[in-house]
Amino acid sequence: MTATTDLEKTYDPSKVEDEMAALWGAAGAFHAEPADSKPGGKPYCIVIPPPNVTAGLHLGHALNNTLQDILTRYHRMLGENTLWMPGTDHAGIATQTVVDKRLQAEHKPAIQHYKNLESEGKGGRDLFIKKIQSWKDEYEAQITNQLKAMGCSCDWSRQRFTMDDICARAVREAFFRLFKDGLIYRGKRLVNWDPATQTALADDEVEMRDIDGFFWYLRYPLADGSGHVTVATTRPETMLGDTAVAVNPKDPRAAELRGKKVRLPIVNRIIPIVEDDYVVLPDPQGDEKSRYSSGFLKVTPAHDPNDYDIGQRFNLPMINVMAPDGTISDQYGWPLEDFAQSDAGFVLGLDRYEAREAIVDWFRKNGLLEDVKPYRHAVGHSYRSHATIEPYLSDQWYVKVTDDRLSGAALRAMSGDQSSSAATGHDSNENWQGQLRFTPARYANTFRGWHENIRDWCISRQLWWGHRIPVWSIEGKPSKLDPLAREGRIAIQQFGKFCYVCVRDESDKDLVQLLDRLGFVRDPDVLDTWFSSGLWPISTMGWPDEEGNDVLQTWNPSNVLCTAREIITLWVSRMVMFNLYLRNCLPFTDVFIHAMIQDGQGRKMSKSLGNGVDPLDIIHSHGADAMRFTLTSMTTQTQDVRLPVKENLQSGRNTSSKFDIGRNFANKLWNAARFAMGNLTSDDTSQENYELADRWILSRLATILRDTNEALARYEFSQYAQGLYDFFWRDFCDWYIEAVKPTVRDNPSQQRVLATCLDVALRLMHPEMPFVTEKLWQQLNEVAPRRGVGGVSIPAGELLVRAAWPKVDYSLINKQVESDFVTIQTWSAAIREIRQSHQIPPRETIQFISEPDDDKTGKIKQHARYFEIFANAAFSNDASGATRIGTAQIETQTLVVFRQVGDVDHEAEHDRLTKRLDEARKSIATLRGRLNNKGYTEKAPAHLVQQTRDQLASTEKEADALQSQIAAIE
RNA sequence: GGGCGAUUAGCUCAGUUGGCUAGAGCGCUUCCCUUACAAGGAAGAAGUCACAGGUUCGAGUCCUGUAUCGCCCACCA
């Protein structure tokens, strides 16, 4: 009895997956050590894009991580010292919001409660962080389970979290170095302010929505009483903070206004008219902006990003007229003396929208409202509170990414052919120049564009969940700290009236106590999540330890970052800049950006939180390998996965979905392997006598190995999956196994070919379908421990996950053999078609001949037994006494099929033949036309012309044959 | 507003320097429970490759324009 009896008739993923996972776990198969690098061997590393602990994984993650696992397993089998570093991201604002919402939904004390406690000095901050911590623990565990269930071969012993001690240390050290080097500064800038939750938001946390609004045209009188200018605005309430009116220098009115001033209505502030070519000239026929423009722009540097820029250019004062909650206030930067001379008392305390109405009303009543036009435009909203974002002036920490050492370096890192600005400096200290490559290449443009227009990065967040900023501050300029700075324990910077001290090591208790004693106050804010994820490739590996840190030395730079396209700028950019600055090397050399998938209702899966099906549902209903295969085969562009209905998945009911493809394929693999192993009865290796089918499948095997290597090297995952699918199902199962069925039991040589092909196929498919291939390979090791044929190198091993990637001598690719086999396939198909159209029972053997009797027919005759196997048709030297039932023209030969008994429907046959004659005549006309075309015969490649001639000849012949057959029937 | 991508069979999608009669899976029709697999096998029907021009002997593929859909970035004038 062979071991195949152990295998069920249908593949049951759940059992096998658990069994194989246990096997890999026990063997430590995913663990990597720097010392394991073979002499002269290469290391290979992928650092996982850490999933957010806000929620479990969705199918977008499943796709992303499947691709990473394929690369990891592939390179591990290639013999490279391969590490896949896993972990999760604390996702500051997102997680804090999710937890807050959950608490509110459960009617439990939420963040407001804890904020109150904190302000009462009762440690609300720490209590709330504990709440988030337990959320994090729950989802981190869920995420890990999901990844393991998918078969991700991460080195779990190295799993990290962006806020664990090791990563936190890296964050503090990075902050310290950037601070010390003047690349972190304190600045009063406009931020995206959410007045509802009162925190700054990152640009990506702002969602744009189209809003129906108005353009108001307000008249501002000239200070000398000589007239007025009309400004156009969608936000009249901000006029309280206007500090200039701008006009385009090309505007004909600019010259006569030069040097004049404006008296700001309500506020009575005298403000200058400045000339700036940012101002759009009015043009009734122009684009949207110029049609609405009056030519004059009110400049409010404290409440509009563009006005802020103009303010910087003209050194204008910034007057903030709002409180953090979005009400008009004179308490947050409106100079006392300036407010005192105004008539603005009536708007104080009003919400910004109430103030808008009040102010428009005022202009209307005072005859200064010239016009109102409806206008639809996009306005930013907080993705948390949905409140309209207010560009708000506040003190924040910034990373000076505009510095050449950061964004400039990132640009220089880009591969020469992907970088238009062609950074060709030859700074020998920057040996990473030109080493960063994007796949697909077009994403390099996104990356480059981002860095060319980059603005400094606001890294402080008014949140609790995150890395607390390691800076203490005090008003004034204490002097006795300098020795500490010289020791490298702190770095000091002065911004405005304040002295800021960055503490290198928070656990330095003496130091912290000293600062406390001196009256320093710690910054309450935390760092933007991207600050810590930007350090991820090095923080996970124990940076800043360099000396003796083999992990970091071996695997940084890593090889490839695999991600969806949405975070190229946010994350990739920051990793590149930080890694270059802190370690003078890239975080990775390749960036592979894959497509997104959607769930059938048009919802993207790589983006939103908690949206979509749990991969575990798919794994339970179809199996992990099925899910992985299906996802892998659809990576070329945004794909609709047409998910099965969730209820059906959970109830185990059968539904049609894309994942059926994978499940069916896994089952096919399972059964083909069962068949093959059931026939491996001999261990006789004494001879190699191959028949055509054997040579053919070895030729195909060499081809698919080459294609697979090429596809994976180019990140063409869909090609990889599809190529193997076709090879295995079409070539191996449909043709090779069928061809050898009658002979393989008694042919040891053929058994070796069969076993070898199965082994190679399992190895090639292992990265995409790890569980089922490992199981079958284990079985194969028992049934046929010694495998391999000449030209195929498949060293034995214990575990497929650690087995060597196969090597096949490409000289096994044999064009003659392939062409002979294609002939057999073509003829078999033609005979099958005739059988089918005449409804001949499968068991009835029929006869066929090939005319004329030349070399070609000789070939057919030589391989006649394959036609018995594939089409139950016998080559007949003597068809006398049989009834001729059908013909087909194949190249220069005519196939004639005979049947011993049975009637022939002459009328139907006549119709068929006539139809085919028509088709033949049409194609004759086409081919003749082509050959009469001088351009074609002179310029097209010779083999094409010859091919066309052959085709014409054979089609003409076919037409003749058809005609005579028709005549015979008539 | 700027940029990028897409448009191929009823559905979901392949189609790599321009070159055999444009492919696959699902679905559909017909036949087959043949000793690996019915989650299977054999055969078949089904396409104006979005539209209009252009380059070329030859265009799904390259160029220009148009339409529709999608994504990214910018934008409170």
Strictly below 4.0 Å: does A/Ser293 bring a side-chain N or O up to OP1 or OP2 of B/A77? no

Using 30° and 60° as the class limits, which term best fits the ring planes of A/Tyr292 and A/Phe215: parallel, tilted or perpendicular? parallel

A/Arg663 side chain, from C-beta outward: closest of B/C37, B/A39, B/G19: B/A39

May I ask you to say what A/Gln947 touches in the nucleic acid, namely base, sugar-phosphate or nothing, with a heavy-atom cut-off under 4.0 Å? base

Just call it for A/Thr388: base, sugar-phosphate, or nothing, with non-hydrogen atoms closer than 4.0 Å on any strand. base

Under 3.5 Å on both distances, the Watson-Crick or G-U partner of B/C33: none

Is any side-chain N or O of A/Arg745 closer than 4.0 Å to OP1 or OP2 of B/U35? no

If you only use heavy atoms from C-beta on, which nucleotide in B/A39, B/C76, B/G19 is closest to the side chain of A/Asn667? B/A39

side-chain N/O A/Arg730 vs B/G25 OP1/OP2, d < 4.0 Å: yes

Using the P atom as the point on both nucleotides, what is the distance between B/U8 and B/A50, in whole Å? 6 Å

Describe the nucleic acid contact of A/Asp726 in one word from base, sugar-phosphate, nothing, applying a heavy-atom distance below 4.0 Å. nothing

Parallel under 30°, tilted from 30 to 60°, perpendicular over 60°: which one fits the rings of A/Phe732 and A/Tyr736? parallel

Between P on B/U35 and CZ on A/Phe675, what's the gap in Å once rounded to a whole number? 12 Å

Pairwise C1' distance, B/A45 and B/G5 [rounded to whole Å]: 34 Å

So which nucleotide does B/A45 pair with, by the Watson-Crick or G-U wobble rule with both distances under 3.5 Å? none

Taking 4.0 Å as the cut-off, does a side-chain nitrogen or oxygen of A/Asn664 come that near to OP1 or OP2 on B/G40? yes

Return yes if a side-chain donor-acceptor contact under 3.5 Å exists between A/Ser14 and A/Asp12, otherwise no. yes

Let's see if you can work this out: which of B/A77, B/U16, B/A36 has an atom nearest to the side-chain heavy atoms of A/Arg674? B/A36

Please state whether the base of B/A14 and the side chain of A/Glu716 form at least one donor-acceptor pair under 3.5 Å? no

What nucleic acid atoms does A/Pro841 come within less than 4.0 Å of, heavy atoms only: base, sugar-phosphate, or nothing? nothing

Complement of B/C4, any strand, by Watson-Crick or G-U distances under 3.5 angstrom: B/G70

Take atom C1' in B/C20 and the same atom in B/G25, then report the distance between them in whole Å. 24 Å

Same-atom distance (P) from B/U21 to B/U34, integer angstrom: 40 Å

For B/A9, the Watson-Crick or wobble counterpart (both distances under 3.5 Å): none

Is the phosphate of B/C4, meaning OP1 or OP2, less than 4.0 Å from a side-chain N or O of A/Arg442? no

With respect to the side chain of A/Trp729, which nucleotide from B/G15, B/G41, B/G19 is positioned closest? B/G41

Quick one, A/Gln719 and A/Asp707 - any side-chain contact, counting heavy atoms below 4.5 Å? no

Check every strand shown and say whether A/Arg235 touches a base, only sugar-phosphate, or nothing at a heavy-atom separation below 4.0 Å. base

Both distances below 3.5 Å, Watson-Crick or wobble geometry, any strand: find the nucleotide opposite B/C57. B/G19

Counting side-chain heavy atoms from C-beta on, which of B/A36, B/A77, B/G41 comes nearest to A/Val279? B/A77

Testing the 3.5 Å rule here: is there a donor-acceptor pair between the side chains of A/Asn445 and A/Arg442? no

If you only use heavy atoms from C-beta on, which nucleotide in B/A43, B/A36, B/A77 is closest to the side chain of A/Gln836? B/A43

Taking a pair as Watson-Crick or G-U wobble with both distances under 3.5 Å, which nucleotide is matched to B/G65? B/C51

Let me know the distance between CG of A/Leu776 and C1' of B/A36, rounded to the nearest Å. 12 Å

A/Lys298: which of A/Asp307, A/Asp242, A/Asp304 passes side-chain hydrogen bond (donor to acceptor under 3.5 Å, both in side chains): A/Asp242

Contact class for A/Arg835 (heavy atom, under 4.0 Å): base, sugar-phosphate, or nothing? nothing

Scan A/Ser837 against the nucleic acid and name what it touches under 4.0 Å (heavy atoms): base, sugar-phosphate only, or nothing. nothing

With a 3.5 angstrom cut-off on both distances, give the Watson-Crick or G-U wobble partner of B/A14, or none if there isn't one. none

I need the single residue from A/Val247, A/Asn248, A/Asp251 that forms a side chain to side chain contact (heavy atoms under 4.5 Å, CB included) with A/Glu275. Which is it? A/Val247

Determine whether the side chains of A/Gln751 and A/Thr681 contain a donor N or O and an acceptor N or O closer than 3.5 Å. yes

Of the listed nucleotides B/C37, B/C76, B/G19, the one nearest the side chain of A/Asn671: B/C37

Can you check the A/Phe870 CZ to B/G41 C1' distance for me, whole Å? 13 Å

Return the nearest nucleotide to the side chain of A/Ala672; candidates are B/C37, B/C57, B/A36. B/A36

Between B/U61 and B/G15, how far apart are the C1' atoms? Round to whole Å, please. 9 Å

B/C76 P sits how many Å from A/Leu297 CG, rounded? 10 Å

Spell out yes or no: do the side chain of A/Glu938 and the base of B/C57 have one donor N/O and one acceptor N/O closer than 3.5 Å? no

Ranking B/C57, B/U21, B/C75 by distance to the side chain of A/Gln951, first place goes to B/U21

Quick one: A/Tyr278 OH to B/A77 P, roughly how many Å, whole number? 8 Å

In whole Å, what is the span from the CD atom of A/Gln719 to the C1' atom of B/C13? 13 Å

Counting side-chain heavy atoms from CB outward, which of B/G5, B/U56, B/C75 is closest to A/Lys939? B/U56

Considering only the C1' atoms, how many Å lie between B/U66 and B/U7, rounded to the nearest integer? 13 Å

Can a donor-acceptor pair under 3.5 Å be found between the side-chain atoms of A/Lys741 and the base atoms of B/A36? yes

For the P atoms, the ones on B/U68 and on B/C31, what distance do you get once it is rounded to whole angstrom? 47 Å

B/C37 base / A/Lys668 side chain donor-acceptor hit below 3.5 Å: yes

When you check the phosphate oxygens OP1 and OP2 of B/A77, does a side-chain N or O of A/Thr234 lie under 4.0 Å from one of them? yes

Within this structure, what is the CD-to-P distance between A/Gln946 and B/C57, rounded to whole angstrom? 22 Å

Need to verify one output field. Residue with the more 5' nearest nucleotide on RNA chain B, A/Ala940 or A/Arg714? A/Arg714

Here's a test for you: under ring-ring contact (aromatic ring centres under 6.0 Å, His included), which of A/Phe675, A/Phe728, A/Tyr11 qualifies with A/Trp670? A/Tyr11

Whole angstrom is fine here: how far is it from CD1 in A/Ile661 over to P in B/A14? 12 Å

Between A/Thr563 and A/Trp571, is any side-chain donor less than 3.5 angstrom from a side-chain acceptor? no

In whole angstrom, give me the gap between the C1' atoms of B/U48 and B/A39. 37 Å

